[in-house]
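Notes to accompany the following structure.
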Amino acid sequence: DTSNPSSLGSYSLGSSGRINSVIITPDGNTAVVSDNKRGFFGIRLIDISDPSDPQLISTKTSLGNPQYVALSADGNTAYVAGLNDGIHILDITDPTNISSISTFDTSGQARGIAISADENTAFVADYNEGLKIIDISTPSNPSLISSLSLTHAFKVTISSDGDTIF
């Protein structure tokens with residue numbers, strides 16, 4: 001009820017957490033949380049199948065300074081914008097064992113990321129380096145397609161028809 005919201009539950013990151021983004025897997029059971037404060041720089045996978053009792057499943061660090069996360073349509077691949085560390089492509093098929101597929105240095109500060117509907121292209125808001133368009137058709141070997149010069153590119157999203165990047 002939007003006129004009378006109520007909390008179903010919560011999960012505390014403690015004093016060490018700062019959430020940059022939360023995205024829910026397509027099955028609705030897992031929250032992928034990017035967190036970057038006070039010594040923890042990574043993502044957390046949180047089981048939200050029981051909203052009244054969210055539980056930590058696993059974490060993955062060494063992802064730079066994670067800003068935003070995008071997911072594949074099946075929820076098995078996470079794409080993390082890692083600020084000065086470019087993007088990280090992760091296999092989260094087994095949420096108890098997050099594994100790195102690859103990384104790609106964007107040359108700027110990867111702050112936002114969006115994935116094309118066909119999952120072949122990543123669009124990265126790379127702060128003062130602009131928009132980076134990256135071929136991710138082979139996730140283990142991403143490569144730069146092109147870039148667009150912009151300043152202060154923080155976030156990126158794709159129109160519903162896939163024809164326009166904002």
Side-chain angles (χ1 to χ4, degrees), residues 1-3 5 18-36 41-49 51 57-58 60-95 98-166:
D1 178 6
T2 57
S3 63
R18 182 177 82 192
I19 296 173
N20 275 337
S21 72
V22 177
I23 190 163
I24 308 301
T25 57
D27 65 9
N29 291 323
T30 306
V32 181
V33 179
S34 67
D35 181 1
N36 67 354
F41 294 93
I43 63 168
R44 301 173 195 261
L45 300 187
I46 300 172
D47 180 347
I48 57 169
S49 59
I57 301 169
S58 63
K60 177 77 172 165
T61 57
S62 300
L63 303 175
N65 187 339
Q67 302 296 299
Y68 288 90
V69 178
L71 292 177
S72 60
D74 62 9
N76 291 330
T77 306
Y79 304 87
V80 181
L83 204 65
N84 294 325
D85 280 12
I87 65 168
H88 298 263
I89 303 175
L90 307 173
D91 182 345
I92 61 170
T93 304
D94 174 1
I98 305 167
S99 62
S100 179
I101 297 172
S102 65
T103 61
F104 182 82
D105 183 358
T106 59
S107 77
Q109 293 182 338
R111 294 181 177 261
I113 188 164
I115 306 303
S116 64
D118 65 7
E119 299 181 4
N120 287 327
T121 310
F123 299 91
V124 179
D126 208 30
Y127 195 56
N128 283 336
E129 294 296 317
L131 176 71
K132 299 294 173 83
I133 303 169
I134 301 168
D135 180 344
I136 56 169
S137 58
T138 304
S140 62
N141 190 29
S143 61
L144 184 66
I145 296 171
S146 62
S147 60
L148 175 65
S149 181
L150 301 168
T151 57
H152 303 287
F154 276 88
K155 296 180 185 171
V156 61
T157 192
I158 304 171
S159 64
S160 58
D161 64 8
D163 290 339
T164 307
I165 305 302
F166 298 93

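Atoms considered below: every heavy atom in the structure, side chains included; atoms not considered: hydrogens, waters and symmetry mates. Positions are given from 1, in the same order as the sequence printed here.
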Could you go through residues 121-136 and list every donor-acceptor pair under 3.5 Å that involves a side-chain atom there, pairing it with any protein atom two or more places apart or in another chain?
unit_1, atom_1, unit_2, atom_2, d
Asp126, OD1, Thr106, OG1, 2.6
Asp126, OD1, Gln109, N, 3.2
Asp126, OD1, Ala110, N, 3.0
Asp126, OD2, Thr106, OG1, 3.3
Asp126, OD2, Gly108, N, 3.0
Asp126, OD2, Lys132, NZ, 3.3
Tyr127, OH, His152, ND1, 3.0
Asn128, OD1, His152, N, 3.2
Lys132, NZ, Thr106, O, 2.4
Lys132, NZ, Ser107, OG, 2.8
Asp135, OD1, Ser137, N, 2.8
Asp135, OD1, Ser137, OG, 2.6

Donor-acceptor check, side chain of Ser102 to backbone of Asn141, threshold 3.5 angstrom: yes or no? no
Can you name the closest pair of heavy atoms from [X] and [Y] and give their distance?
X	Y	result
Arg111	Gln67	O-CB, 3.2 Å
Ala31	Val22	CB-CG1, 4.2 Å
Phe104	Leu144	CZ-N, 3.6 Å
Leu63	Gly42	CD1-CA, 4.1 Å
Pro51	Ser49	CD-O, 3.5 Å
Ile87	Ala81	CG2-CA, 4.4 Å

For residues 69-76, run the donor-acceptor check on the side chains, cut-off 3.5 Å, and write out each pair with its distance to 0.1 Å, sequence neighbours left out.
unit_1, atom_1, unit_2, atom_2, d
Ser72, OG, Asp74, OD1, 2.6
Ser72, OG, Gly75, N, 3.4
Ser72, OG, Asn76, N, 3.2
Ser72, OG, Thr77, N, 3.0
Asp74, OD1, Asn76, N, 2.9
Asp74, OD2, Asn76, ND2, 3.2

Considering only heavy atoms from C-beta outward, does the side chain of [X] approach that of [Y] to under 4.5 Å?
X	Y	value
Ile92	Thr30	no
Ile43	Leu90	yes
Tyr68	Ser34	no

Val32/Leu45 under side chain to side chain contact (heavy atoms under 4.5 Å, CB included): CA gap, chis, key distance, verdict: CA-CA 5 Å; Val32 181; Leu45 300 187; 3.6 Å; yes
Check step by step if side chain to side chain contact (heavy atoms under 4.5 Å, CB included) holds for Thr103 and Asp85. CA-CA 8 Å; Thr103 61; Asp85 280 12; over 6 Å; no
If you round to the nearest 0.5 Å, how far is [atom2] of [Y] from [atom1] of [X]?
X	Y	atom1	atom2	result
Ile57	Asn29	CD1	CG	8.5 Å
Ile98	Asp91	CD1	CG	9.5 Å
Ile24	Ile46	CD1	CD1	9.0 Å

For Asp118, give me all partners under side-chain contact (heavy atoms from CB on, under 4.5 Å), at least two apart in sequence or on another chain.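 Listed in chain order: Ser116, Asn120.
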